[in-house]
Every structure is written in C-alpha cells, then in structure tokens.
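Worksheet: the structure to be examined is printed underneath.
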Amino acid sequence: MESRVLSRASTFASLSQLRKPPRENNNNNNSVSFVSVRPIGAVGEGGNLIWGRQLRPALLLESSSAGKQRESVKPCLAAASSSPGSDSAGEAKPVGFIEKYPALVTGFFFFMWYFLNVIFNILNKKIYNYFPYPYFVSVVHLFVGVVYCLVSWAVGLPKRAPMDSNLLKLLFPVAVCHALGHVTSNVSFAAVAVSFTHTIKALEPFFNAAASQFILGQSIPITLWLSLAPVVLGVSMASLTELSFNWVGFISAMISNISFTYRSIYSKKAMTDMDSTNLYAYISIIALFVCIPPAIILEGPKLMKHGFGDAITKVGLTKFITDLFWVGMFYHLYNQLATNTLERVAPLTHAVGNVLKRVFVIGFSIIVFGNKISTQTGIGTAIAIAGVAIYSYIKAKMEEEKRQAKAA
C-alpha cells in the first residue's frame, strides 16, 4: 500500500514537471507575440479582449512541435509586423508610387511650390491694378486659407490638433508678426513692381543674422556676414535706379523683413510637437483676427464709398469675386507646400530652392507685366540673389554639421 502511494506521488510529480516547460514556453510566446503584433493592431494599451485578439498568433505558434522552428518563426513574425509594407500575416504589400519614386514626388512638390507662388504673385498684382486696397486683400488671403483649414479639419484631413491657453500664448506673438509681415508685403506689392519688392525682401537674411547676433546673443561666423555683403550691395544698386521706386513700397518691404525676422525669433521660443499643417492653420486664424481691425479702420470707408463699386465696374462682379477667392487659395496652398517641401528635403536643398523660387517670381513678373528695368537694376538684382544663395548655402551647411554632431 505504501509503495502504491509513493508510486502515485512520484507519477504526479513527474507529470507536474512535464507540464512546467510548456507553461514557461507559453509565457515566452505570449510576451514575444504581444510585442510583435502590437504595431499591427494600432491599439495602444487595450483591454483583455483586445489583448486576447493580439495574442491569438501565439496559439498558432504553440501548435508547432519543433522548438527550433518556433524560435525561427518568432523573429520573422516580429520583422513582418514592424515593416511598413507588410500585413499581419507577414505577406508583402505592393509598394505605392510615393515609396517607389520619392525623387519624382519631391520634384512635384518643388514644381507646385514654384508654380503656385508665381501664379499668386501675378494674380495678386493684377488685382491691385484695379483694386488698390492691400489691407482688405490681405484679409481675404487669410480668410480663404482659414476656411480651407476649417473644411480640412471637418473632413479629418488632417485631424485637428488640440489647442490650450498656454499654446495660444506662445503662438500669439508669432501670428502677430506673421500678420504684420503679410500686410506690409502686400502694401509694397501694391505700391511698386513685384520684382522690386522681391529684391528688397532678399534682405531678410541680413535682418535674421542681425537679430540672431544682437537680440538672441548667438555668435554669427564672419563667413555669414561676408556672404551678406553682396545682398546689401545688390539691393542698394537696384533701388537707386528702380523705375517704379517709391518710399511707401520700399519702407513697407523693409518692415515686412523685420516682421518676418521677429516671427522666426518667436517661432523658436514657441517650439511645439504639433504638426506643421495644424500649426500653420492656427497661426492663420490668429493672424486673420489681427488683420481685420486695421483693414476696417484704414480702408473701410473708402471701400464702402467707391472701392467695391469701382472694381465691379472695371472687371465685373463674377471676376472680382473669383479673383479674390483664387488669390487667397494660391496664397495658402503655396505656403503650405513650402512647409511640406521642407519636411521632405534637407535644409540646404530647401534654402537653394527658396532662392530659385525668388528668381522665378522676379523673372516671370517682368515678363508678364512688361516692367522696364534699367541695366543697373538688373545687375543689382542678380548680385542680391547670388548673395542670398551663398548665404543660404553656408547657413544650411552649418546647420547640417551641427545636426550631425548632435547625432554622433
């Protein structure tokens, strides 16, 4: 009898020892399968039911009798779940056009950026030729962009990022500088030739460097200051012999440069994790409310008295409304595309592209409007653009070296 009891006890003990390894393997399989499948499910910290769904592949792995094959399957499953071009079964999905031809997509972004910017500048100037009210037109630019953003949020493209009082306080000075720079740029566009305004706006890097040196206390290398000398020289040469020169256009463009410089300074202080599309949308909304009061005060009485009537008499109501709509749409889209292009390329490539964009705008505006420029103005503009190109190249190169040093 005693021997039977001892034999049964030993049998149970052996059975319990035999059952232990599978339990340990189940635990290992569960943990590995959970980690590998979690990215596919796109559900973070779910309940037990979701966990059960995520752990089902582990049951399939347990059916394998060969431990070595089971260990080889798990890394494959993890690799399949982490790769962007695969599904939950580890089967490769067809590669999309964007992933297959990234260079063509980036080139398309640059083309649309240039195209929309040129069209905006040409249409904007044509509007000022029969409707010279830059404050009101600036409001229209922002208003159309804000409506576009609200519609995009309504359909979930993109999903609206939350806004709180702290973020609003950070973005408000950025939006004020954006509004001031935008309005003064339009005042200059209305007063002088588009090519001359863009030549003056080529001085913006000079103001950025001065603000970084004397306001932010950052040390600017002598090479950057030397690269800005041709910019100052070229703008001075172009201004002295510009046929459309007047002080309103010149001073407004200079104020625009200063405003956008301070916008850059406040943007650095208002660094946030919000994506660029939502960030630009919120800045546009705030800037719109900033631009409305001066437009009403400075141009409201004139618009109500004869401004709208004269414009409708010259071009008709339909063309007047469609021109305002499309110029606002082009303004918003080219700014958004400029931001999206920056996200796809290195800062150096974007800096060079920005310089080439200014060359395209100046060239096309001269061709379309037939603006006559003196030889000295042409040479000065070329020197200024070349100086901006050199400055942009040196600065982008320095930023890239800093980024690589931090990564190392």
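Hydrogens, waters and symmetry mates play no part in the numbers below; they use all other heavy atoms, side chains included. Numbering of residues begins at 1 and proceeds along the displayed sequence. Just so it is clear, the model here is predicted, and its values are computed rather than measured.
In this structure, the side chains of Ser138 and Leu142 stay at 4.5 Å or more apart for every pair of heavy atoms. A 4.5 Å side-chain heavy-atom check between Tyr133 and Phe308 finds every atom pair outside the cut-off. Contact check for Phe245 versus Val192: no side-chain heavy atoms found under the 4.5 Å cut-off. Contact check for Pro134 versus Tyr128: side-chain heavy atoms found under the 4.5 Å cut-off. Looking at heavy atoms from C-beta onward, Tyr280 lies out of side-chain contact with Asp275 at the 4.5 angstrom threshold. Using a 4.5 Å heavy-atom threshold, the side chains of Thr381 and Phe196 count as separate. Residues Leu324 and Phe136 meet the side-chain proximity criterion, which asks for heavy atoms closer than 4.5 Å. Looking at heavy atoms from C-beta onward, Cys177 lies out of side-chain contact with Phe260 at the 4.5 angstrom threshold.
At most 12 non-hydrogen atoms from other residues, nucleotides or ligands lie less than 6.0 angstrom from OH of Tyr135. Counting heavy-atom neighbours within 6.0 Å of Phe143 CZ, excluding the residue itself, gives a total of 12 or less. The number of heavy atoms from other shown groups lying within 6.0 Å of NZ (Lys314) is above 12. Counting non-hydrogen atoms of other residues, nucleotides and ligands closer than 6.0 Å to CZ of Phe115 gives a total of 12 or fewer. Atom CZ of Phe369 is surrounded by more than 12 heavy atoms from other residues, nucleotides or ligands within 6.0 Å. For Trp153, the CH2 atom sits in a packed shell: over 12 heavy atoms of surrounding residues, nucleotides or ligands are nearer than 6.0 Å.
Atoms CG and OG1, from Leu157 and Thr277 in turn, are 10.5 Å apart once rounded to the nearest 0.5 Å. To the nearest 0.5 Å, the span separating CD1 on Ile296 from CE on Met304 amounts to 11.0 Å. In this structure, Asn124 CG and Asn117 CG are separated by 10.5 Å, a value rounded to the nearest 0.5 Å. Atom-to-atom distance recorded for Lys126:NZ and Leu123:CG is 7.5 Å, nearest 0.5 angstrom. Atom-to-atom distance recorded for Asn278:CG and Ile283:CD1 is 11.0 Å, nearest 0.5 angstrom. Taking CG of Leu288 as the reference point, atom CD1 of Ile292 lies at 4.0 Å (rounded to 0.5 Å).
In terms of heavy-atom proximity, Ile265 sits nearest to Ala211 at CD1-CB, 3.6 Å. Taking all atoms of both residues into account, the shortest heavy-atom contact from Met398 to Pro221 is CE-CG, 3.2 Å. The heavy-atom pair separating Leu337 from Trp113 by the smallest distance is CD1-N, 4.1 Å. Here the closest heavy-atom approach between residue His332 and residue Cys149 is recorded as CE1-SG, 3.3 Å. Considering all non-hydrogen atoms of both residues, Ala179 and Val290 come closest at CB-CG1, 3.9 Å. Nearest approach of Ser374 to Thr377, heavy atoms of both residues: OG-OG1, 2.8 Å.
Formation of a donor-acceptor pair under 3.5 Å by the Thr184 side chain with backbone atoms of Gly181 is found in this model. Judged by distance alone, the side chain of Ser365 and the main-chain N or O of Ile362 form a donor-acceptor pair under 3.5 Å.
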After noting the C-alpha distance and the side-chain angles of Phe330 and His141, does the key distance pass the ring pair (Phe, Tyr, Trp, His ring centres under 6.0 Å) rule?
CA-CA 9 Å; Phe330 288 139; His141 292 164; over 10 Å; no
Checking side-chain contact (heavy atoms from CB on, under 4.5 Å) for the pair Asp323/Val327: CA distance, chi angles, key distance, verdict?
CA-CA 6 Å; Asp323 280 353; Val327 77; over 6 Å; no
Could you check Asn208 against Tyr262 for side-chain contact (heavy atoms from CB on, under 4.5 Å), going step by step and ending with a plain yes or no?
CA-CA 8 Å; Asn208 284 331; Tyr262 275 94; over 6 Å; no
What donor-acceptor contacts under 3.5 angstrom involve side-chain atoms of residues 222-236, with partners at least two apart or in another chain?
| unit_1 | atom_1 | unit_2 | atom_2 | d |
| --- | --- | --- | --- | --- |
| Ser227 | OG | Leu224 | O | 2.6 |
| Ser236 | OG | Val232 | O | 2.8 |

Give the table of side-chain donor-acceptor pairs shorter than 3.5 Å for residues 158-173, with sequence neighbours excluded, one pair per line with atom names and distance.
| unit_1 | atom_1 | unit_2 | atom_2 | d |
| --- | --- | --- | --- | --- |
| Arg160 | NH1 | Tyr282 | OH | 2.9 |
| Asp164 | OD1 | Asn166 | N | 3.4 |
| Asp164 | OD1 | Leu167 | N | 2.7 |

Could you list the donor-acceptor pairs under 3.5 angstrom formed between side-chain atoms of residues 198-207 and any protein atom two or more places apart in sequence or on another chain?
| unit_1 | atom_1 | unit_2 | atom_2 | d |
| --- | --- | --- | --- | --- |
| His198 | ND1 | Arg358 | NH1 | 3.2 |
| His198 | NE2 | Asn121 | OD1 | 2.9 |
| Thr199 | OG1 | Ser195 | O | 2.8 |
| Lys201 | NZ | Ser185 | OG | 3.2 |
| Lys201 | NZ | Ser256 | OG | 3.0 |

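Using cut-offs of 30° and 60° on the angle between ring planes, the pair Tyr331 and Phe120 is tilted. Phe360 and Tyr114 have tilted rings, their planes meeting at an angle from 30° to 60° on a 0 to 90° scale. Between His182 and His178, the angle of the ring planes stays under 30°, which puts this pair in the parallel group of the 30/60° scheme.
Glu400 and Arg403 are joined by a salt bridge, as a carboxylate oxygen and a charged side-chain nitrogen come within less than 4.0 angstrom of each other.
One side chain, Thr197 or Ser188, offers a donor N or O that lies under 3.5 Å from an acceptor on the other.
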